[in-house]
Asks: 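Here's a structure for you.
All of these numbers come straight from a predicted model, not from anything done at the bench. When a residue number appears, it is its place in the shown sequence, counting from 1.
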Amino acid sequence: MLTTNFLDFDFSNPFMNASGVHCMTTNELDELAASNAGAYIMKSATPAKREGNPEPRYFDVPLGSINSMGLPNLGFDYYLEYALKQQEKTSRPVFFSVAGMSVAENIAMLKKIEASDFKGVTELNLSCPNVPGKPQVAYDFELTYETLAQVFDFFTKPLGVKLPPYFDMAHFDQMAAILNKYPLSYVNAINSIGNGLYIDTDSDQVVIKPKEGFGGIGGEYVKPTALANVRAFYTRLKPEIKIIGTGGILTGQDAYEHLLCGATMLQVGTQLQKEGPAIFDRLQKELMAIMEEKGYKTIAEFRGKLKAIV
Ligand code: SIN
């Protein structure tokens, strides 16, 4: 059984799309809503519609993907309207993602969500690596602290943050200490590994146009980093803060590993882009098969139970 309780909502399974993949238009969102994903999240919104970076800006490579989308989206109001319509039809909550270009933009969008009838979950994306001239917020620890202080002055609905990957034990400690100060509902680890470079040696050229080819890396390349971030935050955050595991989930085995590290929900990006929403059926079958082989009836029996070597 894959049923998952997350923030007091019950989902049929832990699988979701990662924000940015298959979730920009109402058509794509409707396809996710009709799929076997346990839940789905919308494209990160900015206050107004945004074209994003010049194309080509997404490229599949054998072990994953590189992208520099630059937050193209149809604007905050478009997603709020969609979410409000959806919640009339079903009790399954929608996940809203906001990614303002400044603290003020994030606060303005979150104030609108707070004042609206939106009953779902909100994710504050502090980790987009692809907007020229805008560093990833959550690599600036002071700014993260200040942003969350302003947010929790007024925001009372369930809120998570999407984090970039960290690579240093001291950074896990420092970021967890900041997050533990706030009534956060969850942490989503990880966004793509920012500013990688993929090269096509037939043409001796980069494969995406923005930022001279530098872009966020996803897929198989990122799984060990994603697992480490899930584990590091699971073991450092207060238990009320749940974890969404994102990064390198291509198979039920990858999903199992994220759950073992402590994730409650699981997001799929690169492989959803490659396979489409039918992937959610395959992932569930593969995860169920692993659980059966190991004798687990529920995810709760093994979540977080990664063993150290003693
Ligand atoms: C993008 O739109 O550039 C990707 C979104 C993200 O990495 O947060």
Side-chain angles (χ1 to χ4, degrees), residues 1-7 11 13-19 37-39 41 63-64 95 123 127 138 160-177 179-180 184-193 217-272 279-280 283-284 286-310:
M1 219 172 51
L2 298 182
T3 49
T4 297
N5 182 272
F6 181 73
L7 319 183
F11 298 100
N13 67 79
F15 293 104
M16 307 175 61
N17 66 306
S19 179
I41 185 165
L63 294 180
F95 284 60
E123 182 165 293
S127 51
V161 284
K162 177 102 174 249
L163 295 178
Y166 298 98
F167 303 94
D168 192 297
M169 299 311 258
H171 293 162
F172 292 137
D173 291 342
Q174 288 164 16
M175 182 47 71
L179 300 172
N180 275 331
L184 264 183
S185 296
Y186 73 90
V187 157
N188 185 347
I190 57 172
N191 207 321
S192 57
I193 297 184
I217 305 295
E220 275 185 77
Y221 291 116
V222 313
K223 188 175 77 170
T225 299
L227 292 176
N229 276 260
V230 168
R231 188 66 184 166
F233 285 111
Y234 182 76
T235 53
R236 284 165 177 74
L237 292 175
K238 53 191 179 183
E240 306 90 277
I241 304 181
K242 303 298 174 202
I243 315 281
I244 296 183
T246 305
I249 299 180
L250 287 77
T251 64
Q253 170 72 25
D254 302 321
Y256 182 80
E257 292 174 20
H258 268 266
L259 295 166
L260 203 57
C261 286
T264 298
M265 298 295 279
L266 304 168
Q267 293 188 351
V268 186
T270 298
Q271 199 61 24
L272 168 62
I279 191 176
F280 295 113
L283 290 174
Q284 284 173 68
E286 291 175 3
L287 177 58
M288 286 290 287
I290 293 168
M291 286 169 60
E292 260 165 47
E293 201 184 303
K294 287 179 170 282
Y296 292 127
K297 292 205 163 41
T298 66
I299 292 172
E301 289 167 48
F302 64 93
R303 175 179 303 111
K305 299 212 172 128
L306 179 67
K307 294 179 198 153
I309 298 173
V310 283

Asks: Of all the heavy-atom pairs spanning L260 and F302, show the shortest one and how long it is.
Replies: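 So the minimum-distance heavy-atom pair works out to CD1-O, 3.6 Å.
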Asks: Side chain to side chain contact (heavy atoms under 4.5 Å, CB included) for Q267 and N17? Distances and angles first, verdict last.
Replies: CA-CA 5 Å; Q267 293 188 351; N17 66 306; over 6 Å; no
Asks: Could you tell me which residues satisfy side chain to side chain contact (heavy atoms under 4.5 Å, CB included) with K242, sequence neighbours excluded, listed by chain and number?
Replies: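 F6, L7, Y186, T264.
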Asks: Which distance, rounded to the nearest 0.5 Å, do you find between the CG of L266 and the CG of N13?
Replies: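 Between atom CG of L266 and atom CG of N13 there are 9.0 Å.
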Asks: Without placing hydrogens or testing angles, list every side-chain donor-acceptor pair under 3.5 Å for residues 229-239, not counting sequence neighbours.
Replies:
unit_1: N229; atom_1: OD1; unit_2: Y166; atom_2: N; d: 2.9
unit_1: N229; atom_1: ND2; unit_2: Y166; atom_2: O; d: 3.2
unit_1: N229; atom_1: ND2; unit_2: T225; atom_2: O; d: 2.8
unit_1: R231; atom_1: NH1; unit_2: C261; atom_2: O; d: 3.3
unit_1: R231; atom_1: NH1; unit_2: G304; atom_2: O; d: 2.8
unit_1: R231; atom_1: NH2; unit_2: L306; atom_2: O; d: 3.3
unit_1: T235; atom_1: OG1; unit_2: R231; atom_2: O; d: 2.9
unit_1: T235; atom_1: OG1; unit_2: A232; atom_2: O; d: 3.2
unit_1: R236; atom_1: NE; unit_2: D173; atom_2: OD1; d: 2.6
unit_1: R236; atom_1: NH1; unit_2: A232; atom_2: O; d: 3.2
unit_1: R236; atom_1: NH2; unit_2: D173; atom_2: OD1; d: 3.3
unit_1: K238; atom_1: NZ; unit_2: N180; atom_2: O; d: 3.0
unit_1: K238; atom_1: NZ; unit_2: Y182; atom_2: O; d: 3.0

Asks: Sequence neighbours excluded, which residues qualify as side chain to side chain contact (heavy atoms under 4.5 Å, CB included) partners of E220?
Replies: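 Once residues adjacent in sequence are excluded, the partners of E220 under the side chain to side chain contact (heavy atoms under 4.5 Å, CB included) criterion are L63, L250.
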Asks: Just jot down the ring-ring contact (aromatic ring centres under 6.0 Å, His included) partners of F95, sequence neighbours excluded, or say none.
Replies: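 Checked F95 against ring-ring contact (aromatic ring centres under 6.0 Å, His included); zero matches.
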Asks: Please set out all donor-acceptor pairs under 3.5 angstrom arising from side-chain atoms of residues 286-294, sequence neighbours excluded.
Replies:
unit_1: E286; atom_1: OE1; unit_2: G252; atom_2: N; d: 2.7
unit_1: E286; atom_1: OE1; unit_2: R282; atom_2: NH1; d: 3.1
unit_1: E286; atom_1: OE2; unit_2: R282; atom_2: NH1; d: 2.9

Asks: Using ring-ring contact (aromatic ring centres under 6.0 Å, His included) as the criterion, list what pairs up with F167, not counting sequence neighbours.
Replies: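 Testing F167 for ring-ring contact (aromatic ring centres under 6.0 Å, His included), a comparison that skips the adjacent residues, returns none.
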Asks: Quick one: CD1 on I241 to CG on L184, what's the gap to the nearest 0.5 Å?
Replies: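 Going from CD1 on I241 over to CG on L184, the span is 5.0 Å.
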Asks: Restricting to non-hydrogen atoms, name the atom on P165 and the atom on S192 that form the minimum distance, rounded to 0.1 Å.
Replies: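 Here P165 and S192 meet closest at CD-O, 3.6 Å.
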Asks: Between T4 and M265, what is the shortest heavy-atom contact and its length?
Replies: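 Nearest pair, atom of T4 first, then M265: CG2-SD, 3.7 Å.
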Asks: Mind checking the CG-CD1 spacing from L259 to I243? Nearest 0.5 Å is all I need.
Replies: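 One gets 12.0 Å once the value is rounded to the nearest 0.5 Å.
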Asks: Go through the structure and list residues passing side chain to side chain donor-acceptor pair (under 3.5 Å) with S127, not counting sequence neighbours.
Replies: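 In terms of side chain to side chain donor-acceptor pair (under 3.5 Å), with neighbours along the sequence ignored, S127 is linked to N125, N191.
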Asks: Could you work out, with side chain to side chain donor-acceptor pair (under 3.5 Å) as the rule, every residue matching Q174, not counting sequence neighbours?
Replies: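 None.
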Asks: ring-ring contact (aromatic ring centres under 6.0 Å, His included) with Y221: which residues, sequence neighbours excluded?
Replies: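 Partners of Y221 under the ring-ring contact (aromatic ring centres under 6.0 Å, His included) test: none.
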Asks: Please report the closest heavy-atom contact between A138 and L163, naming both atoms and the distance.
Replies: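 Taking A138 first and L163 second, the nearest heavy atoms are CB-CD2, 3.9 Å.
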Asks: Can you tell me how far apart CD1 (I244) and CG (N188) are? Round to the nearest 0.5 Å.
Replies: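 One finds 5.0 Å between CD1 of I244 and CG of N188.
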Asks: For T3, which residues count as a side chain to side chain donor-acceptor pair (under 3.5 Å) partner, sequence neighbours excluded?
Replies: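 Residues passing side chain to side chain donor-acceptor pair (under 3.5 Å) with T3: none at all.
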Asks: Looking at residues at least two apart in the chain, or sitting in another chain, which of them share a side chain to side chain donor-acceptor pair (under 3.5 Å) with Q253?
Replies: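 Checked Q253 against side chain to side chain donor-acceptor pair (under 3.5 Å); matches are E257.
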Asks: After noting the C-alpha distance and the side-chain angles of Y256 and T251, does the key distance pass the side chain to side chain contact (heavy atoms under 4.5 Å, CB included) rule?
Replies: CA-CA 9 Å; Y256 182 80; T251 64; over 6 Å; no
Asks: Among residues at least two apart in sequence or on other chains, which ones pass ring-ring contact (aromatic ring centres under 6.0 Å, His included) with F11?
Replies: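 In terms of ring-ring contact (aromatic ring centres under 6.0 Å, His included), with neighbours along the sequence ignored, F11 is linked to no residue.
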Asks: Which atom pair, heavy atoms only, marks the closest approach of A226 to G247?
Replies: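 Taking every non-hydrogen atom into account, CB-O, 3.6 Å.
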Asks: Mind listing the closest non-hydrogen atom pair of T246 and H258 along with its distance?
Replies: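 So the minimum-distance heavy-atom pair works out to N-CE1, 3.7 Å.
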